[in-house]
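Structure first, commentary second.
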There are 2 protein chains.
Amino acid sequence: MFESYTIKDIAKALGLSTSTVSRALNGSYEIGAETKRLVLEYAEKVNYRPNPIALSLKEQKSHSIGVVVCEVANDYFSQAINGIESIAYNRGYHVIITQTHESFDRESANVQHLLSRHVDGLLVSLSAETTDTTPYKYLHEKGFPIVFFDRVATDVNTHKVIANNFKGSFEATELLIKAGFKKIAHLTNSINLLISRERFDGFKAALDKYGLDFNPGYLKHCNHGGMIQDEVEFAIKELLDMDERPDAIFIGSDRLTINSMHILKKLDIKVPDDIAIAGFTNSDVAELFDPPLTVVRQPAFQIGQIATELLIKTIESKWPVEDFITEQVEIELIARSSSQRIR
Amino acid sequence: MFESYTIKDIAKALGLSTSTVSRALNGSYEIGAETKRLVLEYAEKVNYRPNPIALSLKEQKSHSIGVVVCEVANDYFSQAINGIESIAYNRGYHVIITQTHESFDRESANVQHLLSRHVDGLLVSLSAETTDTTPYKYLHEKGFPIVFFDRVATDVNTHKVIANNFKGSFEATELLIKAGFKKIAHLTNSINLLISRERFDGFKAALDKYGLDFNPGYLKHCNHGGMIQDEVEFAIKELLDMDERPDAIFIGSDRLTINSMHILKKLDIKVPDDIAIAGFTNSDVAELFDPPLTVVRQPAFQIGQIATELLIKTIESKWPVEDFITEQVEIELIARSSSQRIR
DNA sequence: GTGAAAGCGCTAACAC
DNA sequence: GTGTTAGCGCTTTCAC
């Protein structure tokens, strides 16, 4: 069962040469129908499976793709990875997952490691710390397939898959405004990330539309993306301690949203009575929270799928790919009571 | 950067033979200090990385391990996989994850697929549907390394890593009893799984200790492990509709616990006022629920690590492994208000 | 229509 | 101390 037959075994058993067997197995024209039948039948009988490692060596392809994300214990990324796996599996690729924990050094090490593993391509979501994307640029220019998703590198012209962050933020902020909140803070990820900037823009645009001033003190960045709990707690306390305390917070990242809820609970701040909350998260249990949480939800599974399709298409392209697209998917705003005004 | 140098390139550049280079790289005794230095220096300079695929072919080892779980979008399993990856990565293995979605057929297909990928070993947690474990038995008897974790096959004598399910259930049930609940139902996974039986035993033992009768109508099995939402909803409704409605439910699986909370919310059943809840889950946000959820939590990360250590030890053992252990880890009961009596 | 042989990158037995 | 060679499983040119 696991001691597999090789092409050689089949050749020996049938008194043929390995090349004949190989050709028969691959349905080559030049093989006699009878021989072909014989080989196919025998292969079927002994449950022959080509050795993927030998194939890889021959083809100079590992049939694996490397994934770089900040962490897997994050609903957004675990769902995205699910999507990645679902496509990769069907296309005969396996995926090697690495985590940066939001560190640039770990990200570099992971890319190095994946390259030394001879992955055929890379699916990357940048760490919160990353500012220097020249390694990706270099690889990409050399023709190495890379697809970015979610946290993309602006200056590398390759395929990218992102959510409509602007719209997601705009609508969530608008929801808070319509609920009657006027002093809305924005807690978000590192300024390094394009998603943070896009989400801020959406937030700001909603304020503008409704004629609300933007108070710079209401903008808090967590440069470690919520990996350091104290950083988040500090930012939240700063908001709470302001003379003009915000009456709502719109949160721009999955981990930050969840962390914030833990912190608010710890500080015994009531949501939405003391402060209303809406935030990006892909948690499936946000409706079970106390209070049920208003969320901006991304189609993470689908994003993973699209990114993987694009990557495999690039890998398997006969010609150097020149046209790169940026696929934008829609987000979903789910209103629940954490963003409702208490009267 | 990704067009790697081979041993041959180095040999050519230095005017040596490939074998000399290979030996120098591997620190062989028989190579002159000077040559060694030369090779090492050059290898360092061009950032030489051995081709893992060629190594695999040579060694007849893929340096990969296959993982079979029901699903990754489950806190217990995503944490376990994290533990698996953390060990595997450091030991130079990559992991290929497959999901059964609680189907025996998919489980078989996954094992087949992993074997055809020439994984060096298997880390398995059985599907809820699985009753026939002869394929594992067969593989194991042939000397193929397998380690079970969480959902183990009783009749395959290999390494196993499990939590103290009996104790976890006993203590959770005891907590409910001490809170004053007397009509405690037990909602659990398929009877096929040993964990279900162990968890039931712990539940039953607690009832016995406190002189409470066991009402067979209070025991509900979800044979699809919560993959079919209707099955769970049906079971819960049956409990709620009983003449003598239970006043508490102790739930024996992560997915079932989460699903049940969704269903109770949908049915507008108040916890713990209408019915108290305690359940197995590794969710990190259970404290944010309404009400905060009393949980039995397993050290999933650690379980994944231990299982992987055992597997790699078995894979790399020079001698056929004869002594197999069953490692049992402790669980943690975290009491919150979902299991508290309302007065 | 089929076979022999080379080669993918690497190691290791066997020369010398 | 270093080089030559075979072989891991497979495909593919080149012969016949």
Side-chain angles (χ1 to χ4, degrees), chain A residues 2-43 46-64 92 115-120 316 318, chain B residues 2-43 46-64 92 115-120 316 318:
Chain A
F2 76 95
E3 294 270 352
S4 335
Y5 277 73
T6 70
I7 232 170
K8 212 163 146 187
D9 297 325
I10 300 182
K12 204 183 297 168
L14 263 40
L16 292 168
S17 78
T18 58
S19 36
T20 304
V21 174
S22 169
R23 276 183 282 233
L25 254 18
N26 292 306
S28 165
Y29 288 100
E30 31 189 20
I31 297 295
E34 179 58 13
T35 314
K36 211 180 253 181
R37 195 186 57 74
L38 226 59
V39 171
L40 258 24
E41 231 162 50
Y42 188 78
V46 301
N47 192 27
Y48 168 79
R49 295 273 175 270
N51 183 326
I53 299 167
L55 278 174
S56 291
L57 186 59
K58 182 74 195 167
E59 299 173 11
Q60 298 290 70
K61 287 199 41 184
S62 65
H63 286 278
S64 63
L115 291 177
S116 78
R117 285 264 192 197
H118 288 243
V119 294
D120 297 332
E316 295 183 349
K318 295 282 171 215
Chain B
F2 76 95
E3 296 269 350
S4 335
Y5 277 74
T6 70
I7 231 169
K8 213 163 146 186
D9 297 325
I10 301 182
K12 204 182 297 168
L14 264 40
L16 292 168
S17 79
T18 59
S19 40
T20 304
V21 174
S22 169
R23 277 183 282 231
L25 254 18
N26 292 306
S28 165
Y29 288 101
E30 30 188 20
I31 298 294
E34 178 58 12
T35 314
K36 212 180 254 180
R37 195 186 55 74
L38 226 58
V39 171
L40 258 25
E41 232 162 49
Y42 188 79
V46 300
N47 192 26
Y48 167 79
R49 294 275 175 270
N51 183 327
I53 299 167
L55 277 174
S56 291
L57 185 60
K58 181 73 194 167
E59 299 173 11
Q60 299 289 71
K61 286 199 43 186
S62 64
H63 287 279
S64 63
L115 292 177
S116 78
R117 285 262 191 196
H118 288 244
V119 294
D120 297 333
E316 295 184 347
K318 295 281 171 215

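Chain identifiers are assigned alphabetically (A, B, ...) following the order of the sequence lines, protein sequences preceding nucleic acid strands; residue numbering begins at 1 within each chain.
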OP1 or OP2 of [N] versus the side-chain N and O atoms of [X]: is any pair under 4.0 Å?
X: Thr6(B); N: dG9(C); value: no
X: Gln60(B); N: dG7(D); value: no
X: Lys8(B); N: dC8(C); value: yes
X: Ser17(B); N: dT4(D); value: no
X: Ser22(B); N: dC10(C); value: no
X: Asn26(A); N: dT11(D); value: yes

Report task. Go through the N and O atoms of the side chain of Ser19(A) and the base of dA4(C), and report whether any donor-acceptor pair is under 3.5 Å. Result -> yes
Requested in this report: State whether the distance check finds a donor on one side and an acceptor on the other, under 3.5 Å, for side chain Arg23(A) versus base dG3(C).
Outcome: yes
For [X], report the nucleic acid contact type (base, sugar-phosphate, nothing); a contact means any heavy atom under 4.0 Å.
X: Thr35(B); value: sugar-phosphate
X: Tyr5(A); value: nothing
X: Leu55(A); value: sugar-phosphate
X: Tyr29(A); value: nothing

Answer yes or no: is there a donor N or O on one side and an acceptor on the other, between the side chain of [X] and the main chain of [Y], under 3.5 Å?
X: Ser4(B); Y: Arg49(B); result: no
X: Asn26(B); Y: Ser28(B); result: no
X: Ser17(B); Y: Thr20(B); result: yes

Query raised in the report: Testing Thr18(A), Leu16(A), Val21(A) for side chain to side chain contact (heavy atoms under 4.5 Å, CB included) with Ile10(A), which one passes?
Result: Val21(A)
Query raised in the report: Is there a side chain to side chain contact (heavy atoms under 4.5 Å, CB included) between Val39(B) and Leu14(B) once you walk through the steps?
Result: CA-CA 8 Å; Val39(B) 171; Leu14(B) 264 40; 4.0 Å; yes
Specify the separation, in whole Å, of atom [atom1] of [X] and atom [atom2] of [N].
X: Leu14(A); N: dG3(C); atom1: CG; atom2: P; result: 10 Å
X: Leu57(B); N: dT11(D); atom1: CG; atom2: P; result: 12 Å
X: Asp9(A); N: dC10(D); atom1: CG; atom2: P; result: 9 Å
X: Ile10(A); N: dT11(D); atom1: CD1; atom2: C1'; result: 15 Å
X: Lys58(A); N: dG7(D); atom1: NZ; atom2: P; result: 17 Å
X: Ile31(B); N: dA12(C); atom1: CD1; atom2: P; result: 13 Å
X: Ile53(A); N: dT11(C); atom1: CD1; atom2: P; result: 15 Å
X: Arg49(B); N: dC10(C); atom1: CZ; atom2: C1'; result: 17 Å

**Report entry** Whichever of Gly32(A) and Thr18(A) has its nearest DNA chain C nucleotide further upstream toward 5'
**Finding:** Gly32(A)
Report task. Of all the heavy-atom pairs spanning Arg117(B) and Ser62(B), show the shortest one and how long it is. Result -> O-CB, 4.2 Å
